[in-house]
Amino acid sequence: MSIIPTKPRVRGRRSLLASLGLHGVLALAAFIAAFPVVWVVYISLGAGEFDYQHPQRIAAHPSLSNYSHVLGQTDFLTWLGNSAIVAAGTMVIGVLVSASAGYAVSRIRFLGRGTLMYTFLLTQMFPVAVLMVPLYKILSETGLLDSYLGLILVYCTTAVPYCAWLLKGYFDTIPVDIDEAGRIDGLTPFGTFWRLILPLARPGLAVAAFYTFITAWGEVAFASFFLLSPNKLTLAIGMKQFISQYNSQWNYLAATGVLIAIPAAALFYVVQKNLVTGLTAGGTKG
Amino acid sequence: MTVAAPVETAPPRRAEERRAGPLKRIRRSYDQFWYAWAMCAPVVVILALLVGYPLVLGVMYTFTDATSLNVGHTIGVNHIPDTFSWVGLKTYLDILSGPDNQFWPHFWWTIIWTVSCVTVTVSLGLGLAVLLNRQVRGRAFYRLLLVLPWAVPTFVTIFSWRLMLADDGVLNSLTGAIGLGHISWLSDPFWQKIAAIAVNTWVGVPFMMLSMLGGLQAIPAELYEAAEMDGASAWQRFRHVTLPGLRPVSSTLVLLGIIWTFNQFNVIFLLFGANNSDSVQILVTYSYKLFFGQTPMDYARAATVGVLCLSILVVFTEFYRRWIRRMQGAQA
């Protein structure tokens, strides 16, 4: 772990004006960053369908009725379950697969290594549209259409290469001596990887896990195309049921949005301390 | 265009070449390499089956007149076979010089979109990272708020933006209150573009900022101290210590940013939908529209636009990497 966060340098005392400027800019940026999120939470408290047009009314009569409607009267919990299965599946498969590949690419100068790294980059360039039709055909021929596994595998194709890249950078920062010590103690290469390196790579893994989870949790294009039966819909697609051509139930949409954001934000909170170190290693060594 | 194809076969083929070498070397390398290949195998299999093979199929469709009517499909128990025919390069020619001339306006807007989004996102990300890297009271708190857009799923936050940008939304109340009048963010072609760039920036800054912050923390403090001793001003320190120190991080970030923005589907699709607002559709959403926005679905043209996107990115990346390598060479 060669990247030790350096303490910000104390460069004399900042003048009052500079200090105000610094806080002013940061506060403004933080406000812009947080406002849309806060706004959707606020709108979700308005019980009426058109309350979003009159935000001042909501403050007078905040209510949780949208939430009870979404939780009680709709298929929200089914969608939540589906999304959880797909996102967790993508996370587990994606992190395992990308970690092992990242480790191999980081440690061993095997032939084909450069090609593999370049392919990881290439897969980031694939526009949805080229793959959509062929993937649909492949999934329907293998019976994976309208299944969780099919969607998980499709998400892995975008998430895994990036995570492998990221984790390769992270493994590069773990001294090779540790691997050698493991080998001397009689561990197999897999044992070294599993028992010594993975625990040390926790920050990197946390970022990869977060990234894969978010990729799957918020994906729209593939999910709307590959999932057919109503009881398999994920949140992003299920939510669309509140919008029809003539009638958009913004209040329910807002409440659903907040409910969807909570698990993602919770996971984010768990990993956020690792984000900076995890991301950097990938960036510097990319 | 079949860039991914050699990869499926590359490691095993080269393995054979290896085995042809001197015995001692094989034994040693096999000992070292067998588990490397085993560890990469799942990735290679997934990529080969779900990226490589579909890509080959997708490229094949670009030389046909495939639509949802003539591509083989199954209705109930009846399987209807493929009936599309090969048309060679006709689809490409149609798109690039077609009478409807849809491609080039989308192309130029995609370029403007990518360049402006990446420029703004990278500079804002860098600026905020520099500010956050200082000793500020409440640093952790600011950081938490600043990364919030990344923590919440895109379709939720973009939905919130739609509420805010709507004709009777909060942003229009604001512009009305300060005398700028009413702006049709979601329907006027010019303001749609501004809105799209703004929202994409908002979505993209947290990732850039965190990555840059990590990069900043990897720059040794001694370099700054030395520069300060030599009497370098704050700007000079930024220009000659921070920027070069960040280069390994930022060159990758800019490349990824360009690729991701070029292919940014979610923001445009969720903010405007696929079927309305032609002028704001980038190539990727345009291709999606060719596919889903009409009946019959036009497989051939959608795939062709997709392949064109991919080719642009591959060519660009090649030049970019060469350029970076040359710069690094010049630096060393």
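Naming: A, B, ... by sequence-line order, numbering from 1 per chain.
- Residues that satisfy the side chain to side chain contact (heavy atoms under 4.5 Å, CB included) test with B:Phe265, not counting sequence neighbours, are A:Val128, A:Ala221, B:Phe269, B:Val284, B:Thr285, B:Tyr288.
- The shortest heavy-atom contact between B:Pro153 and A:Ala261 is CD-CA, 4.0 Å.
- Listed by chain and residue number, B:Trp161 satisfy the ring-ring contact (aromatic ring centres under 6.0 Å, His included) test with B:Trp202 (two or more places apart in sequence, or in another chain).
- Formation of a donor-acceptor pair under 3.5 Å by the A:Thr157 side chain with backbone atoms of B:Val51 is not found in this model.
- Of the listed residues A:Val154, A:Leu121, A:Leu235, the one with more heavy-atom pairs under 4.5 angstrom with chain B than any other is A:Leu121.
- Here the shortest heavy-atom pairing between A:Gly218 and B:Asn266 reads O-ND2, 4.2 Å.
- Between A:Phe210 and B:Trp150, the ring planes are perpendicular. Angles over 60° get that label, and only those under 30° would be called parallel.
- Here the closest heavy-atom approach between residue A:Gly257 and residue B:Val156 is recorded as O-CG1, 3.5 Å.
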Next item on the list: Check the pair B:Phe262 / A:Met125 against side chain to side chain contact (heavy atoms under 4.5 Å, CB included), numbers first and verdict last.
Entry: CA-CA 9 Å; B:Phe262 193 92; A:Met125 301 176 200; over 6 Å; no
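- Contact annotation for A:Leu253: both backbone and side-chain heavy atoms come within less than 4.5 Å of a heavy atom of chain B.
- The shortest side-chain heavy-atom distance between A:Trp165 and B:Leu256 falls under the 4.5 Å cut-off.
- Counting heavy atoms from C-beta outward, B:Arg321 and A:Tyr118 have side chains that approach closer than 4.5 Å.
- There is no contact between A:Phe31 and chain B, counting heavy-atom distances below 4.5 Å.
- No other option in B:Thr154, B:Leu131, B:Leu253 has as many heavy-atom pairs under 4.5 Å with chain A as B:Leu131.
- Your options are A:Ile93, A:Val258, A:Ile32, A:Thr158, and the one with the most heavy-atom pairs under 4.5 Å with chain B is A:Ile32.
- The candidate with the highest count of non-hydrogen atom pairs below 4.5 Å against chain A, out of B:Leu146, B:Val305, B:Val152, B:Leu148, is B:Leu146.
- For A:Pro263, no part lies near chain B; criterion is any non-hydrogen pair under 4.5 Å.
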